[in-house]
Amino acid sequence: METPDFTEARYRVLLETARLRFRFRQFDDDLSGDDIALWRHDIDFSPHRALALAKLEAEAGVTASYFVLIGSPFYNPFEIAVVAILREIAALGHRIGLHYDAEAFAGSTVQHEERIAAQAALLSRETGALVPFFSIHNPSVSPDVRLDAPRHGGLVNASAPALRAQFTYVSDSNGRWRHGSLDEVVGDAMISRLYALTHPEWWTTEPLTPSKRVQRCIDGRARRVAAEYRSFLLRHRPEVVDVE
Ligand SMILES: [Zn+2]
């Protein structure tokens, strides 16, 4: 089934409505008062999609926070091109956070507090941005890990249940709306404190099913790796390049 409301065109409309109703806040801001929105993006698959949304938000005059995974099978945050993307997102006025994958260390004796602090420091060093907050990747697959406090490893916990409970919360996890849709809550005058979690890879130029949106990220990465390899060979070993 196609899901037409996850298009860039729809996202522009959502932003325009939200911008008029809410003041956009960051996770380390004072979060008291009404008419405020937290606008969080967890980058699970595609920094390229994240940059596309970051540009739309900058055009609308709003700022969001982008949470970056270390150890994703879909992207490497320290790849030259991806570092450049993360720096560009920060330069647009958005904030960078750590998207923490506790499952990667399941069963080990790792100290999550130290790991969160170390990953955030590395991400900050490479992107040149402050990384003062984190969110948890796939919390349901690591039920034994309890990271529910307002801060861990010195970082603000954007996934803290007590924080979420202070807001109306919506999420587009797995390419579907959970807890209601963003359209509904952005247009609902009764809602004065909004926490929106979206994943940039779900938002594309054309309507696609969730699995096709993920495949789009995989294909895009494969094409970029192939182009990178071909470019390297053309520069250094042109005699071995296939003639197309
Ligand atoms: Zn995630």
Side-chain angles (χ1 to χ4, degrees), residues 11-43 50 53-54 56-68 86 89-100 102 112-113 116-117 119-121 123-124 127-140 145-173 177-200 203:
Y11 192 68
R12 273 198 192 90
V13 174
L14 277 169
L15 283 177
E16 196 54 36
T17 310
R19 181 181 73 84
L20 296 172
R21 290 205 46 219
F22 300 101
R23 290 165 289 147
F24 281 61
R25 290 282 183 265
Q26 295 290 347
F27 288 93
D28 53 353
D29 287 338
D30 174 9
L31 297 177
S32 58
D34 288 330
D35 305 320
I36 62 172
L38 289 167
W39 212 260
R40 165 181 151 199
H41 299 291
D42 288 350
I43 309 177
L53 294 199
L56 295 181
E57 288 157 354
E59 284 170 18
V62 304
T63 55
S65 46
Y66 286 82
F67 290 77
V68 180
L86 298 176
I89 288 172
L92 288 167
H94 304 298
R95 303 287 298 279
I96 302 293
L98 171 70
H99 197 36
Y100 184 65
H112 290 290
E113 302 285 330
I116 288 168
Q119 289 193 352
L123 194 56
S124 178
T127 61
L130 292 174
V131 181
F133 27 70
F134 78 99
S135 64
I136 300 171
H137 177 58
N138 287 342
S140 60
V145 178
R146 293 251 68 90
L147 293 167
D148 289 345
R151 299 181 82 93
H152 286 286
L155 278 73
V156 173
N157 182 2
S159 299
L163 172 67
R164 268 174 49 170
Q166 298 170 31
F167 289 83
T168 298
Y169 178 79
V170 293
S171 161
D172 67 352
S173 293
W177 288 117
R178 291 172 64 197
H179 317 288
S181 80
L182 195 51
D183 301 74
E184 286 164 11
V185 295
V186 161
D188 186 343
M190 299 297 288
I191 291 169
S192 67
R193 291 169 58 84
L194 171 62
Y195 184 150
L197 165 60
T198 64
H199 298 73
W203 297 82

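All values below were derived from every heavy atom in this structure, side-chain atoms included, with hydrogens, water molecules and symmetry-related copies excluded.
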Q: Please give me the minimum heavy-atom distance between Ala60 and Arg19, naming the atom from each residue.
A: O-CD, 2.6 Å
Q: Applying side-chain hydrogen bond (donor to acceptor under 3.5 Å, both in side chains) between Arg95 and each of Asp28, Asp29, Thr63, report the one that passes.
A: Asp28
Q: Return yes if some donor-acceptor pair links the side-chain N/O of Thr17 with the main-chain N/O of Val186 below 3.5 Å, else return no.
A: no
Q: Indicate the atoms forming the closest heavy-atom contact of Asp172 with His199, along with that distance.
A: OD1-ND1, 2.8 Å
Q: Do Trp203 and Leu56 touch side chain to side chain, with heavy atoms closer than 4.5 Å?
A: no
Q: Please confirm whether the backbone N or O of Ala129 pairs with a side-chain atom of Ser124, one donor and one acceptor, at under 3.5 Å?
A: yes
Q: Parallel, tilted or perpendicular, judged at 30° and 60°: which one describes the rings of Tyr195 and Tyr169?
A: perpendicular
Q: With the side chain counted from C-beta on, respond yes when Leu194 and Leu182 share a heavy-atom pair under 4.5 Å apart, and no when they do not.
A: yes
Q: Between Phe67 and Phe27, how do the two ring planes meet: parallel, tilted or perpendicular, split at 30° and 60°?
A: perpendicular
Q: When you measure from the side chain of Arg193 to the backbone of Leu31, do you find a donor-acceptor pair of N or O atoms at a distance under 3.5 Å?
A: yes
Q: Would you find a donor on one side and an acceptor on the other, under 3.5 Å apart, between the side chain of Arg21 and the backbone of Ile191?
A: yes
Q: Is the shortest side-chain heavy-atom distance between Leu15 and Trp39 below 4.5 Å?
A: yes
Q: Compare all side-chain heavy atoms of Glu57 with those of Phe24 and state whether any distance is below 4.5 angstrom.
A: no
Q: Kindly determine whether Arg151 and Val156 satisfy side chain to side chain contact (heavy atoms under 4.5 Å, CB included), including the steps that lead there.
A: CA-CA 5 Å; Arg151 299 181 82 93; Val156 173; 3.5 Å; yes
Q: Would you check if Ile116 and Leu98 make a side-chain contact, meaning some heavy-atom pair closer than 4.5 Å?
A: yes
Q: Would Leu86 and Tyr66 satisfy side chain to side chain contact (heavy atoms under 4.5 Å, CB included), going step by step from the backbone distance to the final call?
A: CA-CA 9 Å; Leu86 298 176; Tyr66 286 82; 6.0 Å; no
Q: To the closest 0.5 Å, what do you measure between CZ (Arg23) and CD1 (Ile36)?
A: 7.0 Å
Q: For a 4.5 angstrom cut-off between non-hydrogen side-chain atoms, does Asp42 reach Leu197?
A: yes
Q: Is there side-chain contact between Ser192 and Asp35, with heavy atoms separated by less than 4.5 Å?
A: yes
Q: Backbone N or O of Ala54 within a donor-acceptor pair of the His94 side chain at under 3.5 Å?
A: yes
Q: Which pair of heavy atoms, one from Ile136 and one from Ser159, lies closest together, and at what distance?
A: N-OG, 2.9 Å
Q: Would you say Asp148's side chain and Pro161's backbone share a donor-acceptor pair under 3.5 angstrom?
A: no
Q: Can you tell me how far apart CD1 (Ile43) and CG (Leu53) are? Round to the nearest 0.5 Å.
A: 9.5 Å
Q: Under the side chain to side chain contact (heavy atoms under 4.5 Å, CB included) rule, what do Gln119 and Phe134 come out as? Steps first, then yes or no, please.
A: CA-CA 10 Å; Gln119 289 193 352; Phe134 78 99; over 6 Å; no
Q: Looking only at heavy atoms, what is the nearest atom pair of Ala117 and Leu155, with distance?
A: CA-CD1, 4.4 Å
Q: Side-chain contact, heavy-atom cut-off 4.5 Å: Val170 with Glu184?
A: no
Q: Once rounded to the nearest 0.5 Å, what's the spacing between atom OG of Ser65 and atom NE2 of His99?
A: 11.5 Å
Q: Would you say the rings of His152 and Tyr100 are close, in the sense that their centroids are separated by under 6.0 Å?
A: no
Q: Within this structure, what is the OG-CZ distance for the pair Ser171 and Arg40, rounded to the nearest 0.5 Å?
A: 8.0 Å
